[in-house]
Each structure stands twice: as structure tokens, then as C-alpha cells.
Amino acid sequence: MKNPITITSSSPPFSILLHQTDVRAIANWYAAKLQFCCTQNPISHSLTQSVHANIITSGFKPRGHILNRLIDIYCKSNNIAYARYLFDKIPKPDIVSRTTLISAYSELGNVDFAKYIFDETPLSIRDVVSYNAMITGFSHNNDGYNAVKLFSEMRKYGFRPDNLTFASLLSATALVARDEKECKQLHCNVVKTGTDSFVSVLNALISLYVKCGLSSLSPMGDARKLFNQMEKRDDLSWMNMITGYVRNGELESARELLDGMNEKLQVAYNAMISGYVQHGFMSKALELFKGMCLEGIWLDEFTYTSVISGCASSGLFLIGKQVHGFILRTGWMPASKFALPVNNALVTLYSKCGEVDKARQIFDSMLEKDHVSWNAILSGYVSVGKIDSAKSVFSAMPERGLLTWMVMISGFTQNGYGEDALKLFDRMRKEGLAPCDYSYAGAITACASLGALEHGRQLHAQLIQSGFNSSLSAGNALITMYARCGVVEAANVVFCTMPYIDSVSWNAMMTALGQHGHGLKALKLFDLMLQENIKPDRITFLIVLTACSHSGLVKEGCKHFQLMDSVYGITPDEDHYARFIDLLCRAGKISEAHGLIQKLPFKPGAPIWEALLNGCRIHGNMELGIQAADQLFQLAPQHDGTYILLANMYADAGRKEDMAKVRMMMRERGVKKEPGCSWLEVANKVHVFLVDDTSHPKVHEVYTYLKELEVKMRKLGYVPDTKYVLHDIESEQKENALSTHSERLAVGFGLLKLPRGATVRVLKNLRICGDCHTAFKFISKLVEREIVVRDGRRFHHFRNGECSCGNYW
DNA sequence: ATAGGGTTAG
């Protein structure tokens, strides 16, 4: 429909103004003009304002439907305050304008003001329509309770509910109904009032049955009966049934319904495709998609959104990109006019397949963005590890939902920024948001990587308080956290008390046992897992091999290494071989490991050489160790771990000059710590440096640094794990500086909780110095504080004050 | 003047 009025003018034409007396004509002109403003998308604010200004300056007193139009426009543009101001100017708003306002405000989400207007409408002018509008208003704002309450109120005052009332009421009841009883009762009411011949009422009733029947034996039974009885069905009836079946996982019944349809309704196909996508049957979804193309059914934004997002979530990136190309080629719509969800799905697709730049390109080209778009691009950056870009996206976001925080928190954690993760978690709560269980999982994992036990414990307590104690992700994170902080018993308690567990939980618990030298227990758990019919995956075998390696279980390790291919059909990849070589090396079978490397089915990469180098370090095999280090330098010259391993190898052999050479090499090649490592890690590295260079003159500086770290830690809100605090080192005796300082340092680290890295190095250092006395003192302290020193071969297990020194000392 | 349903992010 063409609008005869020119768009630019804001005052009525002279022909109308000529007859000043004809107020009606002027009013009609303004109303039509405002109607035009209203139908523009987006609403033309500048034109509205100039028309409004014109109304005021011309001395024309707006009332009735002009005021309504104006209010309508200001409502739609979310200028509620001004709409309210105009509303108060209406001398006696009639029921029609009130009803308009009620539904407009409700649609805008301002149901409170809608209720205000409704409440102050005198009972004498209320009618069924206004009640209907208000019930719908509540229902659209997820307030089923008040909708139902209003319904009984209107019956109390003697209003006769009509078909539209029941349509709204049924939809509202779906929000609050608990059982089928309520459905049946309402159904009777509908039949009694004779509204059961209206398609919209029956549609609403069907979806109510679908929602309430979920717990019953045949959830779709009543809905199907009703559907079959219907004389007339429209698009929505079919949609409701199909999505109902989909929700119950009865995809075959849904498909039967679709195939039995006489006319091919596009919405029904869309519902079916989205059902397949939701349940991960991508091949079926794509088959149906192809069928739609062949049958000549029009494909719309919903079709494309489902298909593309399905491709994204099931890893079919190539097909997803093909669909994207297909849309562009067929000229379905110019790319600039793609609907928001389609663009969102595309951003997700390119984010997930790692092409985050392409995702960004689409994101930037979008005229309209919502929180989903922002979250999609954010998780795109997070998953490829571009934390800086993720950070800038995070701070540029117009609104941050729970998911946003969660993505950013676990993004920090996954990329090694544990501190930032905890800081963000705190900030989230300071802003008054209640973190979801995934956010807790992220923060708890951050504690695991930082070794912050006490902080982790507090989060555990808060997690329970928030009612997330049955959360899978949080439970799995807790197992990892307790294990990494040395409290394997606590990890076990979590594992045993979790109401639901998945393969990740099994893996986490096996890791926990393996880390603490309980190799046999880990293998027992593995068997238990098999008995529970959980299929082991590649990760499981990585864990099993590591557990065997750390407990010196060579035979068992070999057995499982062979079984994984022959019985479980998992071909060992580079990581598995690396663990296996590690196992051989730790058991002293260096030449065997070296032989295996030469027979590998692929070109050995960094993990393989690193395992060999570490083995050579343990057993003092200098020649092979240097060879392995050379290979590593070629593969990754900037990786600091290689230098540290090599230096440690020399340290064990007492070759100080060579250690110095390694350090020189690092300096020459500009090897630095990767950016973003936590201060805890820095401290650890400082410690390594100190231990490696026993005559380092800067011992004091290191202590000052550690003290600063402690202050920083408190500022960040960490709770120190013990009451130990670093004392003034200056006042300490200087004799035997190394061992004393090492112990102090360890106490310092104990405060930061880093049993594995730091304490083990202290022990090693004390061994080099031959200071057994301090070592024993130190060990007893560890036992006192329930820290178990572990590692299969080299670091032994100390418990109850006893210490099995073996060849270590 | 008022009605029924569906898509996207971990």
C-alpha cells in the first residue's frame, strides 16, 4: 500500500490548513502522518519529532487518536517517560486507547506500566478485550501467575471469556501448570464455553498438553488425540505437533507426521530440520534440507539458521561453508539484509572452525547485532586463544549476560590466565550477578592451575550454597582442583558424591590418582569404568599411560598401550607415543625408547623429543639428551621448557659451566616467558633460576620479590592458604644460605600452594647440598599440612611422618 | 484494540 503523503513534509499541506475550521481534516492528516512514522522500520524519530513540534507550534491541540499514535511511537522507541507524560495529558482516555497502550507497553516489556493503566481503568468501562490484552501482556512477560489470577478476577466480575481469552490463558497456564490435571480442567472449561472450535484455542491447548505431559508415560498422547479431532488445522497446528514430538525425542513420530501431510508446509519442514539438528542427526537434517530444495519449497531464514548452526555444532564446517556459498549464489537475499539469526549462525560457524577473521568480517558487516552475535564472536576469539581481542570485545559489549561472563572466565582459564579468571569472577559478583555453574567451573579450574586450594575450597562452599551441587561441569572442575592442590581424598569424595557423572568425571578422577602415585588405583578405576559400559576415548588412554608412567608400572603400561588399538580401536597418536616413551624412559629403558622413536609411523615432533630429553635428564644420559634437545631447538627454538630441562640435566650432573651456557643461549636467542603467565608461574621460574645458580648474588632480591607477590596476592583478594608469612630475610643467618633459604622459599610457596613444582625442587636442591636435616624438617612440615609429595619414581611418597627415601637421598 | 509457535551462543 502506497502512502499518498510526501515523506519529508512535517506540516499539513496548504489545502488542508486553508480550512482551519475543519479540525477533523487536520487531525486525520497528523494521524496518517504519524501512522507512517510508525510503520517505518526503524521508526523515523526525526520525522516524528518534527511532526510533533509542528503540532505544538501550530496551536493544534492533539487529542484522541493522535495522542494515541504519538504515545504508540514513543512506546515503540522505548521513550516510556515521554509516553507516560503524553498519557497523563489525555483528559479521559477511552477503553480503546487504554487497550492499545496496555498491549504496547506489554510488548515492550514494561508490564508494570501496562498494569498501572489497567488498574486505573474504572470497572465501568472495562471490557473483555482489555482483559484479554492484559492477560496476554502478563503471559508474554512470563508472568503466568498474574495472568491466571486476572482470569479468575474477570470471571468474578461477570465478564464472559471468549476464544481469545482462552488462547491467551492457555498459553499463560503453560508457564505455571505442574500436571495434567490442570490441563484437563482447563480443557473442560474450553469445551463448556464452546470455544473449542477455534483453531488458535486448540493450538494453545495442544502445546499446553505437550508441555505438561512431559512427565507422563505417553507425553504426546492427549495432544495427538486433540490434533486428530481437529476439523481445521493451520500451519501452527502442524508445527506444534512436530516440535512436541521433537522435544520428547520422538523424532520418528514427528517425521511420520511430516510425511503424512498433504501440502508441503515450509514451517513444518523447518521444525523437523531444527529437531534433527537439536538431536545431532545432521545427516538427516541435511537430507531433508536437500529434499526441500528439490521439492521447490521456499527456504527461509529459519531453514538456513538451523542448518548452518547444526553444521557449526557438529563440526561439518565444509558443508556449512557450502550452504553459505549456496545462499550467496542463489541470491536469496543480499548479504547485507540477512536476518540476524542467520548472521549469528554464520559468525558461530566461522568462529568454531577457527576462521575467526572471517567471522569478524561478517560480524562487522552486520547492521543489527544482539547479545548472541557478541557472544559468538567472543567465544570465537577465546577458542583460538586470542585473549587480547576477546578482552576488547568483552569491554566493548553493550550488555553482558551470564553466558558472556562464563565464556570470558573459562576463556581466561583455558588460556592460562588463571588470575584474570578469578578477578573477573569476583567482578561479576560485585556487579550483583549470580554466576552460573559453568562460571563456577571456570573459576575452580583457575584455582587448580594456580594451586590456590583455600580459594578453591571457598568456591566449593559457595557452589553448594548456590544449589549447584549436582552440576557436572562444576563437579569435574572440583575433582581436578583438589587433585592439583594435592588433596586427592577430597577429589575422591567429590567424585563419589556426584549424582551424575560422565566420561570427563572418570577421566578427572583417574588423573587425580595417577598424579599422586596411585597408579594401581587408577587402573582399578579404569576397569570399573569399563564395567559401567563407559567407552574409553583417546584422553582416557593418555591418562592411563601417564598413571602407569608415574607409578613405574611398565608392564601394565605396555599392556594398555597395545590394547588401545587392538581392542578399543583407538589408533595411538603422537601424544600417546610420547607418554609411552616417557614410561619407558622413567623405567630406565632409554635405548628401547630411542629405538621406538626411529620406528614411529610419523615424523617425531616436540612431545616425543621432550619425553626423551626428560628421560635422559633423569638417568643422566648426556649424549642422547643433547641430541633430543637439538631436535627440540630446531622444532621450537623459543620454547623455554627445553632450556630448563637441559639446564636441569646439567645441574644433576654437576656441570655448572654447561648450565651457564644454556642460560647464555636463552639470553642470546631472546627466549622469554610466554605473555600472560601468572605471577605464580613467574615465581616458580624465579625459583628454578635460584636453585640452578647456587651462588646467585640476588637471593635477597628474590625474597623481596616474593614478599611483593604476597602483598599483591592479598590485594587481589586471595586468601593465603596457610598462616605462614615470609619473614624478614635480612635478619637471617647467612651460613648455609641455600638450604635455609630454600626452606623459607618453600614455606613461601606453601603459602601460594604449589606442592608439585616448588616443593619438589626444594627437595632436589637440598639433596644436592646434602642437607638431609633440613630436608626432613621440611618433609615433616609437609606432612603436617597434609601435602603429599609425589611422583612415581623420583619423588617419593611421604606419609604419617614416615619417609621412604630410597635412592633419592 | 486483544490470540496460538519456532531459530542463535558454552
Side-chain angles (χ1 to χ4, degrees), chain A residues 65 68 72 94-104 106-107 127-137 139-140 161-172 174 195 198-208 210-211 234-244 246-247 266-275 277-278 300-310 312-313 339-349 351-352 369-380 382-383 401-411 414 436-439 441-442 473:
Chain A
H65 59 305
N68 285 342
D72 196 26
D94 62 352
I95 189 63
V96 174
S97 50
R98 281 171 190 273
T99 307
T100 311
L101 287 169
I102 288 168
S103 75
S106 307
E107 286 316 301
D127 60 2
V128 178
V129 181
S130 53
Y131 268 103
N132 287 354
M134 196 60 235
I135 291 176
T136 312
S139 149
H140 280 196
D162 61 4
N163 53 337
L164 296 187
T165 319
F166 275 108
S168 302
L169 176 71
L170 288 163
S171 150
T195 49
F198 290 90
V199 181
S200 57
V201 174
L202 289 173
N203 283 345
L205 196 54
I206 287 178
S207 65
L208 180 62
V210 169
K211 275 175 194 153
D234 66 0
D235 301 16
L236 214 58
S237 325
W238 290 95
M239 277 270 307
N240 271 342
M241 285 305 292
I242 292 179
T243 50
V246 166
R247 263 190 218 171
Q266 187 222 23
V267 279
Y269 273 82
N270 281 352
M272 195 65 233
I273 289 187
S274 114
V277 168
Q278 279 167 43
D300 74 349
E301 51 184 285
F302 291 110
T303 331
Y304 289 130
T305 308
S306 293
V307 171
I308 296 171
S309 79
S313 55
L340 181 64
V342 178
N343 274 328
N344 285 346
L346 284 171
V347 172
T348 310
L349 175 77
S351 288
K352 280 211 172 149
K369 298 178 183 99
D370 66 355
H371 63 286
V372 178
S373 337
W374 285 96
N375 285 339
I377 193 72
L378 179 72
S379 39
V382 162
S383 61
L402 282 183
L403 188 85
T404 314
W405 290 91
M406 186 240 108
V407 171
M408 199 64 219
I409 288 170
S410 53
Q414 281 158 25
C436 64
D437 57 336
Y438 285 100
S439 298
S473 53

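Lettering of chains follows the sequences in order, A, B, ..., and the numbering in each one begins at 1. Bear in mind that the values here come from a model prediction, so they are computed numbers and not experimental data. What you see below is based on every heavy atom in this structure, not just the backbone, and it leaves out hydrogens, waters and symmetry mates.
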Checklist entry - Base, sugar-phosphate alone, or nothing: which one does D234(A) contact when heavy atoms must sit under 4.0 Å apart? => result base

Checklist entry - Under 3.5 Å, is there a donor-acceptor pair between the T165(A) and D162(A) side chains? => result yes

Checklist entry - For Y131(A) and dT2(B), what is the distance between atoms OH and P respectively, to the nearest whole Å? => result 19 Å

Checklist entry - Taking atom types as modelled, is there a side-chain donor on S200(A) or N203(A) under 3.5 Å from an acceptor on the other? => result no

Checklist entry - Taking the side chain of M406(A) as its heavy atoms from C-beta onward, which of dG10(B), dT8(B), dG5(B) lies nearest to it? => result dG10(B)

Next on the checklist: Between S139(A) and I135(A) (side chain of the first, backbone of the second, donor and acceptor by atom type, cut-off under 3.5 Å), is there such a pair?
Outcome noted: no

Item to check | Donor-acceptor pair (no angle test) under 3.5 Å: S200(A) side chain, dA3(B) base | outcome: yes

Checklist entry - Nearest of dT2(B), dA1(B), dG6(B) to any side-chain atom of D300(A)? => result dG6(B)

Checklist entry - Does OP1 or OP2 of dG10(B) have a side-chain N or O of Q414(A) closer than 4.0 Å? => result no

Checklist entry - Nearest of dG5(B), dA1(B), dG4(B) to any side-chain atom of N240(A)? => result dG5(B)

Next on the checklist: I need the CZ-P distance between F198(A) and dA3(B), as an integer number of Å.
Outcome noted: 15 Å

Checklist entry - Of the candidate nucleotides dG6(B), dT2(B), dA3(B), which contains the atom at the shortest distance from the side chain of S168(A)? => result dA3(B)

Checklist outcome for this item: Ranking dT8(B), dT2(B), dT7(B) by distance to the side chain of V372(A), first place goes to dT8(B)

Checklist entry - Between atom CG in D370(A) and atom C1' in dT8(B), what is the gap in whole Å? => result 8 Å

Checklist outcome for this item: Whole-Å distance, F302(A) CZ to dG5(B) P, equals 14 Å

Next on the checklist: What contact category does D235(A) fall into here, base, sugar-phosphate, or nothing, at under 4.0 angstrom with non-hydrogen atoms?
Outcome noted: nothing

Next on the checklist: Looking only at side-chain N and O atoms, does S103(A) offer a donor or acceptor that is under 3.5 Å from a partner on E107(A)?
Outcome noted: no

Checklist outcome for this item: Of the candidates dT2(B), dG10(B), dG6(B), the side chain of V407(A) sits closest to dG10(B)

Item to check | Selection from dT7(B), dG5(B), dG4(B) that lies nearest to any side-chain heavy atom of A167(A) | outcome: dG4(B)

Checklist entry - From the list dG5(B), dG4(B), dG10(B), which nucleotide is the closest neighbour of the side chain of K352(A)? => result dG10(B)

Checklist entry - Which is true for Q278(A) with a 4.0 Å heavy-atom rule: it touches a base, it touches only sugar-phosphate, or it touches nothing? => result sugar-phosphate

Item to check | Length of the line joining N163(A):CG and dA3(B):P, which is rounded to integer Å | outcome: 12 Å

Checklist entry - Rounded to whole angstroms, how far apart are CG on L202(A) and P on dA3(B)? => result 18 Å

Item to check | Euclidean distance, atom NE2 of residue H371(A) to atom P of dA9(B) [Å, nearest integer] | outcome: 11 Å

Checklist entry - Counting any heavy atom closer than 4.0 Å, what does V199(A) reach on the DNA or RNA strands: base, sugar-phosphate only, or nothing? => result base

Item to check | T136(A) versus S168(A), side-chain donor and acceptor atoms under 3.5 Å | outcome: yes

Item to check | Per T348(A) side chain, nearest of listed nucleotides dG4(B), dT2(B), dA9(B) | outcome: dA9(B)

Checklist outcome for this item: Separation of dG10(B) atom C1' from N344(A) atom CG, nearest Å, is 15 Å

Item to check | Distance test, side-chain N/O of H140(A) to OP1/OP2 of dG5(B), below 4.0 Å | outcome: no

Next on the checklist: Treating S306(A) as the side-chain partner and T303(A) as the backbone partner, does any N or O pair qualify as donor plus acceptor under 3.5 Å?
Outcome noted: no

Item to check | Nearest to side-chain heavy atoms of L164(A), which nucleotide of dG10(B), dG6(B), dT2(B) | outcome: dT2(B)

